[in-house]
Number of protein chains: 2
Amino acid sequence: MKITSTEEYGLRCMLQVAMSKDHPLEIRTIAEAEGLSTAYVGKLLHILKKAGLVKSLRGPRGGYLLAQSPDQITMSRVTEALSRNPKDEEEVCRKFPGELSRCAHIKENCSLRSVWGNIYREIWRVLNNVTLEQILNHRIPALEPGTTLHVLNQPIAGKETDYGSA
Amino acid sequence: MKITSTEEYGLRCMLQVAMSKDHPLEIRTIAEAEGLSTAYVGKLLHILKKAGLVKSLRGPRGGYLLAQSPDQITMSRVTEALSRNPKDEEEVCRKFPGELSRCAHIKENCSLRSVWGNIYREIWRVLNNVTLEQILNHRIPALEPGTTLHVLNQPIAGKETDYGSA
DNA sequence: GTATATCATTACTAAATAGTAAAGATTAGT
DNA sequence: ACTAATCTTTACTATTTAGTAATGATATAC
């Protein structure tokens, strides 16, 4: 369960561009600020451009600008451009079917799916509620610290089994 | 932001072993149930054994058993054994420092860290609150659906900038 | 004590991701 | 037009992760 390098560094590049406001920001400048190679930053910005998140100007005084104002760009849009992540349990199962033609657990309505589903939905909700502007202004929404879990299904009585000591 | 194959398939193997209760479960049986190769299942179980989550019996009638009862094994312990994931923003920054000696954003108290930090803490909280027993019994805790975000910091007035149309 | 069934360990190959390199295309300024 | 500064594109290499293969070790049953 980890963010990819592309997501992390791509987002950082977006923030650099956002901080530059309406002054086109060059690859070289971003690369220096983030400690990355210009080739890598160029690649990341290219991805972001294809996704319509930044626009570019070529030639002298060229560089990158946000395609929209930072309060209209959510982290979910940026991360979606940078990597193809599952958003719910359906996609998780499709990604990990084993060698069987479909998820080995669908038949018994696997509970693992619910767990991953909860997690991905939560991630998605957070990313979807944070804009670049909020990040720039240090106004990051946080989860309510007291959020609690609740049980969805009814318990099924299980037989007791001896697990002794290893 | 994605779960790894090792996490997914490793967890499934744990669940198979858990379902088998006190009957040692062979690699071959798990492999068939999950549609994976015996070599791969063997590797995953070996990892889980080294982490103390399962115990093994060799020879005929051998196989794997849970090292503890399923209500004492959380998903967080299993996933931790299967992959080394960051648990908070500190670890994220350490993992992605760019080529600089430290995270390029620490100096300005980067807000990205807060976002990732929120996400990882949330993941951790969910995984930490789900046991194998809950999964087996389909008693999966879910986040409160109505959980809302709140803003941590004060707004900083930002200048208006023209983002025009691309 | 031999045969067989199981796990254990290591080394290898394959695939995905991360990151680099180099040559091409466009624009601004003169 | 020419030059230089910038992005563009493609192809390549390196690293990590996923998955396989083969040989070795141990326990059961007879």
Side-chain angles (χ1 to χ4, degrees), chain A residues 1-13 16-17 20 23-32 34-51 53-65 67 79 82-85 95-100 166, chain B residues 1-13 16-17 20 23-32 34-51 53-65 67 79 81-85 95-99 166:
Chain A
M1 205 67 180
K2 49 187 64 155
I3 57 179
T4 63
S5 296
T6 305
E7 285 172 317
E8 172 74 15
Y9 294 130
L11 259 163
R12 289 188 193 177
C13 290
Q16 291 287 343
V17 173
S20 179
H23 172 70
L25 193 62
E26 303 159 28
I27 288 172
R28 179 172 38 78
T29 309
I30 298 171
E32 282 165 11
E34 295 292 342
L36 303 170
S37 72
T38 56
Y40 191 26
V41 171
K43 181 180 189 173
L44 294 171
L45 285 167
H46 189 217
I47 293 170
L48 293 166
K49 186 190 174 182
K50 282 189 294 190
L53 292 166
V54 297
K55 51 191 177 184
S56 62
L57 299 172
R58 297 214 275 196
R61 298 191 177 189
Y64 289 89
L65 296 167
T79 54
L82 294 165
S83 74
R84 193 163 298 127
N85 299 327
K95 192 178 175 202
F96 295 112
E99 284 166 11
L100 304 177
Chain B
M1 204 69 179
K2 50 187 64 153
I3 55 178
T4 64
S5 298
T6 305
E7 285 172 317
E8 173 74 15
Y9 293 131
L11 259 163
R12 289 189 192 177
C13 291
Q16 292 287 345
V17 172
S20 180
H23 172 71
L25 193 62
E26 301 159 28
I27 288 172
R28 180 171 37 79
T29 309
I30 298 171
E32 282 165 11
E34 295 292 342
L36 303 171
S37 72
T38 56
Y40 192 26
V41 171
K43 181 180 188 173
L44 294 171
L45 285 167
H46 190 215
I47 293 169
L48 293 165
K49 187 190 174 182
K50 282 189 296 189
L53 293 166
V54 297
K55 51 190 176 183
S56 63
L57 299 172
R58 296 215 273 198
R61 301 191 175 187
Y64 288 89
L65 295 167
T79 53
L82 294 165
S83 75
R84 193 164 298 126
N85 299 327
K95 191 178 175 203
F96 296 112
E99 285 167 9

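By convention in this document, chain letters (A, B, ...) are assigned in the order of the sequence lines, proteins followed by strands, and residues within each chain are numbered from 1.
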| Under 4.0 Å protein heavy-atom contacts per nucleotide of nucleotides 11-17 of chain D, with B for base, S for backbone only and - for none | -------
| note | The contact string for nucleotides 21-30 of chain D, one letter per nucleotide 5' to 3', using protein heavy atoms under 4.0 Å with B, S and - for base, sugar-phosphate only and none, comes out as B--BBBBBS-
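A distance of 7.5 Å separates CE of B:Met1 from CD of A:Glu7, quoted to the nearest 0.5 Å. For the atom pair CG (B:Leu36) and CG (B:Leu44), the distance works out to 7.5 Å, reported to the nearest 0.5 Å. Annotation: the span from B:Cys13 atom SG to B:Leu53 atom CG amounts to 12.5 Å, rounded to 0.5 Å. Here the CD1 atom belonging to B:Ile30 is positioned 4.0 Å from the CG atom belonging to B:Leu25, to the nearest 0.5 angstrom.
Listed pair B:Ser37 / D:dG19 fails the phosphate criterion, with no side-chain N or O lying under 4.0 Å from OP1 or OP2. Phosphate contact (OP1/OP2 of D:dT9, side-chain N/O of A:His46, threshold under 4.0 Å): present. Note on B:Lys49: a side-chain N or O is less than 4.0 Å away from OP1 or OP2 of C:dA8.
Rounded to whole Å, atom C1' of C:dT4 lies 13 Å from atom CZ of B:Arg28. When rounded to the nearest whole Å, the span between CD1 of A:Ile47 and P of C:dT17 equals 12 Å. Atom CZ of B:Phe96 is separated from atom C1' of C:dG19 by 13 Å (rounded to the nearest Å). The CG-C1' distance, from A:Leu45 to C:dG19, rounds to 15 Å in whole Å. In this structure, CE of B:Met1 is placed 17 Å from C1' of C:dT17, rounded to the nearest angstrom. Summarising the geometry, the separation between CD1 on A:Ile3 and P on C:dT17 is reported as 15 Å, rounded to the nearest angstrom. For the pair A:Tyr64 OH and C:dT26 P, the interatomic distance rounds to 15 Å; values are reported in whole Å. The distance from atom CD1 of B:Ile30 to atom P of C:dT6 is 12 Å, rounded to the nearest whole Å.
Here the shortest heavy-atom pairing between B:Leu65 and B:His23 reads CD2-C, 3.6 Å. Closest approach of A:Tyr40 and A:Thr6 over heavy atoms only: OH-N, 4.1 Å. The minimum heavy-atom distance linking A:Arg12 with B:Phe96 is given by the pair NH2-O, 2.5 Å. Shortest non-hydrogen contact noted between A:Leu48 and A:Gly10 is CD1-O, 3.7 Å.
Checked against salt bridge (charged side-chain N to carboxylate O under 4.0 Å, His left out), B:Arg28 has the following partners two or more places apart in sequence or in another chain: B:Glu26.
Counting only heavy atoms from C-beta on, A:Ser56 has its side chain closest to D:dC7 among C:dC7, C:dG19, D:dC7.
Contacts of B:Leu25 with the nucleic acid, taken as non-hydrogen atoms under 4.0 Å apart, involve only primed sugar atoms and P, OP1 or OP2.
The residue among B:Gly42 and B:Glu26 whose nearest nucleotide of DNA chain C lies closer to the 5′ end is B:Glu26.
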